Colleague: 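My structure is below; once you've seen it, I'll send some questions.
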Amino acid sequence: MTDVSVTRLTKRFGAVTAVRDAGFTVSPGVTGFLGPNGAGKTTTLRMLLGLVRPTAGTALIDGRPYAQLSEARRVVGALLEATGFHPGRTARDHLAITARLAGLPASRVGQVLDEVGLNGDAHRRVGGYSLGMRQRLGLAAALLGDPQVLILDEPGNGLDPAGMAWLRGLLRDLAAQGRTVIVSSHVLAEVAQTVDRVIVMHAGVVRFAGTLDELTAPGAVGLEAAFLRLTSDPTLEGSRP
Ligand SMILES: Nc1ncnc2c1ncn2[C@@H]1O[C@H](COP(=O)(O)OP(=O)(O)OP(=O)(O)O)[C@@H](O)[C@H]1O
């Protein structure tokens, strides 16, 4: 079982405290990572992936910081912004190069293209892809190493309703395979249909970590009402040093 754990995690960018003393553990299943714009979600995910250095605290995957994972791509796959693809390269080439650089078998390329439904367009240049197709390609790259942990920042961005339904199925399949999936989203109705647990951040602080039922049960409110209650505390607004 591969866990993700964050302990007393803090990140300051100059005068801005983006993440403040955050703590949570994520186990297998789909965990929704929610919060308003600027809550600190992306910064937290980037610290887990070793892309941002914490000011204090730890962000561990399978008990280690990302930099200390051996064969990191086989442990964790990530989708951050689906940008940075070479526009002149085909999806298949992009994935083949990524696989080669990561020491992963070339046979994975066809498999992940199938998994994300891009096989028919794999020979096309990425420069001509729609946003939804880029998201699928980003997901394919995240899946290349067949990782136990997936960290996905807004994977539904740009997907049409059929794409969203497909993504929901993919996330549920990954969870059914015993994987640990963290997915940030602003689309609460989508989250409510997909996740087992939720973490809610607001102004850099973790306001809730638990099951969807625990979040919505008090007063039997819906996810949106519970979310708005947790993220409208004016005393936390602009939480800064
Ligand atoms: N590299 C940086 N330099 C300075 N400030 C930053 C940097 N990255 C993030 N921040 C600030 O940290 C805070 C948290 O940003 P972050 O991107 O983590 O939020 P988020 O919850 O992912 O927001 P969104 O939902 O809008 O993507 C914001 O105030 C943001 O401006």
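Bear in mind the structure is a predicted one, so any value in this text is a computation, not a measurement. Whatever order the structure lists ligands and atoms in, that order sets their numbers, starting from 1.
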Colleague: Would Trp166 and Val30 show up in the same hydrophobic cluster when neighbours are defined by side-chain heavy atoms closer than 4.5 Å?
Modeller: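 They do share one cluster, since a chain of ILVMFWY contacts under 4.5 Å joins Trp166 to Val30.
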Colleague: State whether Arg125 and Asp93 are salt-bridged, where the test is any N-O pair (Lys NZ or Arg NE/NH1/NH2 against Asp/Glu carboxylate O) under 4.0 Å.
Modeller: no
Colleague: Tell me which one of Asp153, Thr42, Val52 gets a heavy atom nearest to atom 22 (O) of ligand 1.
Modeller: Thr42
Colleague: Should you measure from each heavy atom of Asn37, which atoms of ligand 1 turn up under 4.0 Å away?
Modeller: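 Answer for ligand 1: 23 (O), 24 (P), 25 (O), 26 (O).
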Colleague: Under 4.5 Å side-chain heavy-atom separation, chaining through any Ile, Leu, Val, Met, Phe, Trp or Tyr, what else clusters with Leu101? Say none if it is isolated.
Modeller: Ile97
Colleague: Checking the side chain of Gln68 only, and the main-chain atoms of Pro65 only, is there a donor and an acceptor separated by less than 3.5 Å?
Modeller: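 Not at all, since once roles are kept as given, no pair shorter than 3.5 Å links the two residues.
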Colleague: May I ask you to check whether Phe13 has an N/O atom sitting below 3.5 Å from an N/O atom of ligand 1?
Modeller: no
Colleague: Tell me whether ligand 1 is touched by His186 - counting only heavy atoms on the residue side and a distance under 4.0 Å.
Modeller: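 Per 4.0 Å heavy-atom rule, His186 contacts ligand 1.
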Colleague: Have a look at Met201, His202, Lys41 and point out the one with the heavy atom closest to atom 25 (O) of ligand 1.
Modeller: Lys41
Colleague: Which atoms of ligand 1 sit under 4.0 Å from any heavy atom of Thr43?
Modeller: 9 (C), 15 (O), 16 (P), 18 (O)
Colleague: Go through ligand 1 atom by atom and flag the ones less than 4.0 Å from a non-hydrogen atom of Ala18.
Modeller: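 Here the atoms of ligand 1 in question are 12 (O), 13 (C), 14 (C).
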Colleague: Could you say whether the N/O atoms of Gly38 and ligand 1 ever approach to under 3.5 Å?
Modeller: yes
Colleague: Under a 4.0 Å heavy-atom limit, does Pro36 contact ligand 1 with its side chain, its backbone, both, or neither?
Modeller: backbone
Colleague: Does the side chain of Arg136 come within less than 4.5 Å of Tyr129's, by heavy atoms?
Modeller: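 SC-SC contact between Tyr129 and Arg136 ruled out.
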Colleague: Are Leu104 and Val109 side-chain neighbours, meaning at least one heavy-atom pair lies under 4.5 Å?
Modeller: no
Colleague: Regarding atom 19 (O) of ligand 1: of the candidates Gly204, Ser185, Gly40, which has the closest heavy atom?
Modeller: Gly40
Colleague: Say whether, by atom type as modelled, one donor and one acceptor occur between the side chain of Lys41 and the main chain of Gly35 under 3.5 angstrom.
Modeller: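 Between the backbone of Gly35 and the side chain of Lys41 there is a qualifying donor-acceptor contact (under 3.5 Å).
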